[in-house]
Amino acid sequence: MQTFYNDIQIMEYTFSEIEKKQQQFWQENKIYQVDIDHSKPKFYVLDMFPYPSGAGLHVGHPLGYIASDIYSRFKRLTGFNVLHPMGFDAFGLPAEQYAVQTGQHPAITTDINIKRYKEQLGKLGFSYDPEREIRTSDPDYYKWTQWAFLKMFLHWYDNLSQKARPISELIVEFEKNGNTKVNAACTETPLFEAAVWNGMEDNEKEAVLMNYRIAYRAETKVNWCPALGTVLANDEVKDGVSERGGHPVIQKDMMQWQLRVTAYAKRLLTGLNELDWSDSLKEMQKNWIGHSEGAEVFFQIKNSETKIQVFTTRPDTIFGATFMVLAPESELTDKITEIEQTEEVDKYVTRAKNRTERERIADAENITGVFTGSYAINPFTQKEIPIWIADYVLSGYGTGAIMAVPAHDSRDYAFAKHFNIEIIPVVEGGDISETSYDAKKGKMINSGILNGLDVHDAVLKIIDEIETQNLGHRKVNYRLRDAIFSRQRYWGEPFPVYYKEDTAIPLKEEELPLTLPEINDYKPTETGEPPLGRASDWLYKNQYPFELSTMPGFAGSSAYYLRFMDSKNNQELVSKTANNYWQDVDLYIGGTEHAVGHLIYARFWNKFLYDLGYIVKDEPFKKLVNQGMIQGRSNFVYRIKDSSTFVTYNKRNQFEFSEIHTDVNIVHNDILDIEAFKQWRPEFSDAEFIFDDDGKYHCGYAVEKMSKSKYNVVNPDDIIARYGADTLRLYEMFLGPIEQSKPWDTNGIEGVYRFLNKFWRLFFNENETINLTDEKPSKDEQKIINTLIKKVSDDIEKFSFNTSVAAFMVCANDLSKLKCNKREILEKFLITLSPFAPHITEELWQLGGHNDSIFNEAFPEHNESFLIETTITYPVAFNGKTKFTVEVSVDLKNSEIEKIVLSDERTKSRLNGENPKKIIVVPGRMVNIVI
RNA sequence: GCUCGAGUGGUGAAAUGGUAGACACGAAGGACUUAAAAUCCUUUGGGCAGAAAUGCCUGUGCGGGUUCAAGUCCCGCCUCGAGUACCA
């Protein structure tokens, strides 16, 4: 007996040893290092790089990373030269908030967090090229963020050529023709002749040029977050509070750096057409850009030279315009308010200006407004119509003034009803006694020259009329705003800009990077300046002050995909050679939360660099996949009121109880681990329990956000320690379609773990030694493996990873039933599985006698000849309901199949001697008999 | 309000208009074991009939429609999720 154990060489699936060993093997042999290789087609797979938070990764974070890793490995095995890098979006608010609280330098915390992230990611066995890692907070990296900013500062956008051009060319034009012939994307600038330009002082010229620069500085209404002490971009504000931290945000006028993203609105919109992105994502971008076509029309004010310019998408309804509304912030307010109305108007305007965005939203149902006492002349009806001020008109959109057509706009309708203003219908088809008729359908009435026309034709005709009468012009408006680019913070890229008097002077390219100075406290200064105000030496040549704000979070993430192509280059952002080879991102994976922020800015940034000829692609991300969110699955225990007794889920209603979150890591299949629970928290150490009839304590559950406070966070490290990374990778994919959000439930993981163990055993015999034979595989074995290869290749291309995992399981089950140990079959299986489970497959590949990595092999191609069937099983349905099946030879004609089915006893008993009305035979599919 | 998704067993889910529930989890029963773990086998949408083999009915959020045939296509609703919100 004593020799029993010694004789057997136990070859268990020891995942932790295997994974450690193979990760080391890959690292030592630089398996994932990639370089330009013109003999192979390129493929660029990118994940949205993470912000390394202090909490580390939870099990939801790697979902997208696993998918992209599988795809990368698959592409590599099918002959592509795959670029698959990873880096860190390392500037950001949380590290700075922490610094404010603790005095710890954000660089230190960021370093610690990155280290932890790398450790966690490393355990998952991703195929990132370690040489290409970047961090946005590294001066060697942010040098190029500053460089791009300088380029934007030194360019303007020419609407005629739809392209960014150097400011120097604009100056030449100004010297020749003033700005009269320039059609630029710019801040509103009065027209001037060349002589005026040439007569200007330098600082006056600078002020004019600022209106044209793509990166420019201007006074603007900003979202100011007092709690964070900084401004935020529109997409960083949700429901009037900051997206990070949930602090209130107010509107405030401030001098800010901005990026003229709106110049690119049209191209950002049309560019979407060529992208392989989900419809919903494109829709979000379209809505955010907000293209609307219409006309700008001037309305003359009665007894005045002043005109009001409005933007409307419904110029066809102009005959129904019975009043006008200005935004409270409008500059015309003072000009047109009649004396007797001044007091009331002032009161209203002051109140509106003092209200926060949030109050305005909350108060949306309350209709408010004030009459100015003035009247405008409707240019088509010649009627006098009152001019009102109301906060339902926004100063930031269109011209900040509207012509109100109450019959055909619901907001105008509500306003007119409330203030008793005339409502004239001009489109037939709706009942306007209760609500307005907003639809763009029907015939025009009460509309002079438009009467009888269809809405669509009326729009075209009236715009022509407006233009010939010189009342206005056709116009396309966008909702998109320029991006505010300053943050009153320390932990971001410094602006490569200093000030002489009030004029901003850019650094020279050779002077980059401008690195962050050290400061001793990260709070704003006593005088309310940003933290950089504390740096005493923050002066250019010890003389001119540098900019005190830094760049926002999206700066560093706007061109990182380009940097990965050539991350070590200290001469250029990316070399021509590298960019020509890698071109663009073929597959980009990340969450929808970046749909309108990062993905708009990155596309803008890319288009700008494209205009300047630094890169070859107009769009950065060819295909984009949004992975779903992994939600938490919380567990509850039920404590009986005023006691330390906990009652099981089913019996809780017999008592008065309170529901308490319990740690999901001490619950298995909703059954509480009593001992672990007692130890979990001291106050539960003497807990007592009322069990269910099976003697167990059953917990309740709910799907919620994964968060610490709900005790439903699952750490990938724990899962890897227990089951291994390959199991985790497979399980995350097995959970369901990649785009779908789903709750994390560790319970199902046993299934894939069992599969990997079964897979492992396929390679060993009863004596636990590796056992592969070179015998010729049987037809059945060939069929099994070729079915798998076909299915998995198709599924990976469709991003249907969950069904691939199911196919692997079916294959392993089938092959173990046949006790297959043919090398030819099992090695194909290994390669097919390797993108999903890289460690176990690499290990078995080596145990099978190979020295080179499995990832230098080729993905097997399926052989159709093994999949051809000789018989087909036809379901036979009666009136569409399947009743039984018949197996027939594959080469039978329809009429022969029909004959076989009709002569079947089971058919006869159903027909009762009557003739069927119709028989449908779908070749290869099914038979349907209509009776 | 508008826009876009999604509703299928106890659970995660699968299904080019052609046998609904593949593959798993869980559960129940069994084999192996002194026992356990591991492994293997059987059953598992619901209902009805039968000793059983089996048979029948019903079933993909609800109501209609198209079709020989609908989870899948069309129309109308309901519910949930995401985005957006005085955008003229």
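All heavy atoms count here, side chains included; hydrogens, waters and symmetry mates do not. These numbers come from a predicted model, not from an experiment. Naming convention: chains lettered A, B, ... in sequence-line order (proteins, then strands); numbering from 1 in each chain.
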**OP:** May I ask you to verify if any side-chain N or O of Arg906(A) is less than 4.0 angstrom from the OP1 or OP2 atom of G55(B)?
**Re:** no
Subject >> Nearest-Å distance once atom C1' is located in both G46(B) and G10(B) >> reply: 13 Å
Original post:
Just checking Asn669(A): base, sugar-phosphate only, or nothing, at a heavy-atom cut-off of under 4.0 Å?
Top reply: sugar-phosphate
Subject >> Separation of C23(B) C1' from Lys817(A) NZ (nearest whole Å) >> reply: 12 Å
Original post:
Could you write out RNA chain B as a dot-bracket string, with dots for unpaired bases, | for bases paired across to another strand, and Watson-Crick or G-U pairs counted at under 3.5 Å?
Top reply: (((((((..(((.....[....)))((((((.......))))))(((((....)))))..(((((..]....))))))))))))....
Original post:
When you measure from the side chain of Trp288(A), which nucleotide among A88(B), C25(B), U84(B) comes out closest?
Top reply: U84(B)
Original post:
Checking Asn712(A) side chain against Ser707(A) main chain: does a donor-acceptor pair fall under 3.5 Å?
Top reply: yes
Original post:
Under 4.0 Å between a Lys/Arg side-chain N and an Asp/Glu carboxylate O for Glu864(A) and Lys790(A)?
Top reply: yes
Subject >> Nearest-Å distance for atom pair CZ/P, residues Arg761(A) and U39(B) >> reply: 6 Å
Original post:
Is the shortest side-chain N/O distance from Arg479(A) to OP1 or OP2 of U84(B) below 4.0 Å?
Top reply: no
**OP:** Decide, for G9(B), between syn and anti: a glycosidic angle within 90° of 0 counts as syn, anything else as anti.
**Re:** syn
Subject >> Nearest-Å distance once atom P is located in both C74(B) and U67(B) >> reply: 16 Å
Original post:
Which part of the nucleic acid, if any, lies within contact of Ser292(A), taking any heavy atom under 4.0 Å across all strands shown: a base, the sugar-phosphate backbone alone, or nothing?
Top reply: sugar-phosphate
Original post:
Considering heavy-atom distances to RNA chain B, does Lys883(A) or Ala401(A) have its closest nucleotide positioned more toward the 5' end?
Top reply: Lys883(A)
**OP:** Select one nucleotide: of C23(B), U84(B), U19(B), the one nearest the side-chain heavy atoms of Ala806(A).
**Re:** C23(B)
Original post:
Can any side-chain N or O of Asn626(A) pair as donor or acceptor with the backbone N or O of Glu739(A) at less than 3.5 Å?
Top reply: no
**OP:** Going by the ring-ring contact (aromatic ring centres under 6.0 Å, His included) test, name the single residue among Phe836(A), Tyr753(A), Phe829(A) that passes it with Phe759(A).
**Re:** Phe829(A)
**OP:** Among the candidates U3(B), C23(B), C86(B), find the nucleotide nearest to the side-chain atoms of Asn813(A).
**Re:** C23(B)
Original post:
Is any NZ, NE, NH1 or NH2 atom of the basic residue among Asp795(A) and Lys791(A) found under 4.0 Å from an Asp or Glu carboxylate oxygen of the other?
Top reply: yes
**OP:** Give one of base, sugar-phosphate or nothing for Lys917(A), where a contact means two heavy atoms less than 4.0 Å apart.
**Re:** nothing
**OP:** Write down the distance between OH (Tyr753(A)) and C1' (U39(B)), rounded to a whole number of angstrom.
**Re:** 13 Å
**OP:** Using the P atom on both, measure C48(B) against G71(B) and round to a whole Å.
**Re:** 24 Å
**OP:** Indicate the ring-plane relationship of His291(A) and Tyr478(A), choosing parallel, tilted or perpendicular according to the 30° and 60° boundaries.
**Re:** perpendicular
Subject >> Short side-chain to backbone donor-acceptor contact, His698(A) and Asp692(A), under 3.5 Å >> reply: no
Original post:
Angle class for the Trp388(A)/Phe419(A) ring planes (parallel below 30°, perpendicular above 60°, tilted otherwise)?
Top reply: tilted
Subject >> Interatomic spacing from CD in Gln285(A) to CD1 in Ile600(A) - rounded to 0.5 Å >> reply: 4.0 Å
Original post:
Distance between the P atoms of G9(B) and G5(B), in whole angstroms?
Top reply: 23 Å
Subject >> Per Lys881(A) side chain, nearest of listed nucleotides A88(B), U58(B), A85(B) >> reply: U58(B)
Original post:
To the nearest Å, how far apart are Phe755(A) CZ and C40(B) C1'?
Top reply: 18 Å
Original post:
Has the side chain of Asp482(A) got a donor or acceptor atom that lies under 3.5 Å from a matching backbone atom of Val261(A)?
Top reply: yes
Original post:
Once each nucleotide of nucleotides 61-81 of chain B is scored for protein heavy atoms under 4.0 Å, what B/S/- sequence comes out, 5' to 3'?
Top reply: -------BS------------
**OP:** Could you tell me how the ring of His408(A) sits relative to the ring of Tyr437(A): parallel (under 30°), tilted (30 to 60°) or perpendicular (over 60°)?
**Re:** perpendicular
Original post:
A6(B) and C73(B): how far apart are their P atoms, nearest whole angstrom?
Top reply: 9 Å
Original post:
Expressed in whole Å, how much space separates the P atoms belonging to C57(B) and C2(B)?
Top reply: 44 Å
Original post:
Which whole number of Å gives the distance between the C1' atom of U79(B) and that of G63(B)?
Top reply: 15 Å
Original post:
Do Thr399(A) and Gln309(A) get their side chains close enough for a donor-acceptor pair, meaning under 3.5 Å?
Top reply: no
Subject >> Given C57(B), C4(B), U19(B), the nucleotide with the shortest approach to the side chain of Ser280(A) >> reply: C4(B)
Original post:
Taking CE from Met284(A) and P from G83(B), how many angstroms apart are they, rounded to a whole number?
Top reply: 7 Å
Original post:
Within a strict 4.5 Å, meaning less than it, do heavy atoms of the Arg906(A) and Val886(A) side chains meet?
Top reply: yes
Subject >> Pairwise P distance for A20(B) and A13(B), with rounding to whole Å >> reply: 23 Å
**OP:** Give one of base, sugar-phosphate or nothing for Lys286(A), where a contact means two heavy atoms less than 4.0 Å apart.
**Re:** nothing
Original post:
In whole Å, what is the span from the CG atom of Asn626(A) to the P atom of G83(B)?
Top reply: 12 Å
**OP:** Sugar-phosphate atoms are those with a prime plus P, OP1 and OP2; base atoms are the rest. Using that split, label each nucleotide of nucleotides 8-17 of chain B B, S or - for protein heavy atoms under 4.0 Å, 5' to 3'.
**Re:** ----BSS-B-
**OP:** Calculate the interatomic distance between Met733(A) atom CE and A24(B) atom C1'; express it in whole Å.
**Re:** 16 Å
Original post:
Could you give the CD-to-C1' distance, from Gln627(A) to A82(B), as a whole number of Å?
Top reply: 14 Å
**OP:** Quick one: sort the Phe380(A) and Phe319(A) rings into parallel, tilted or perpendicular, breaks at 30° and 60°.
**Re:** tilted
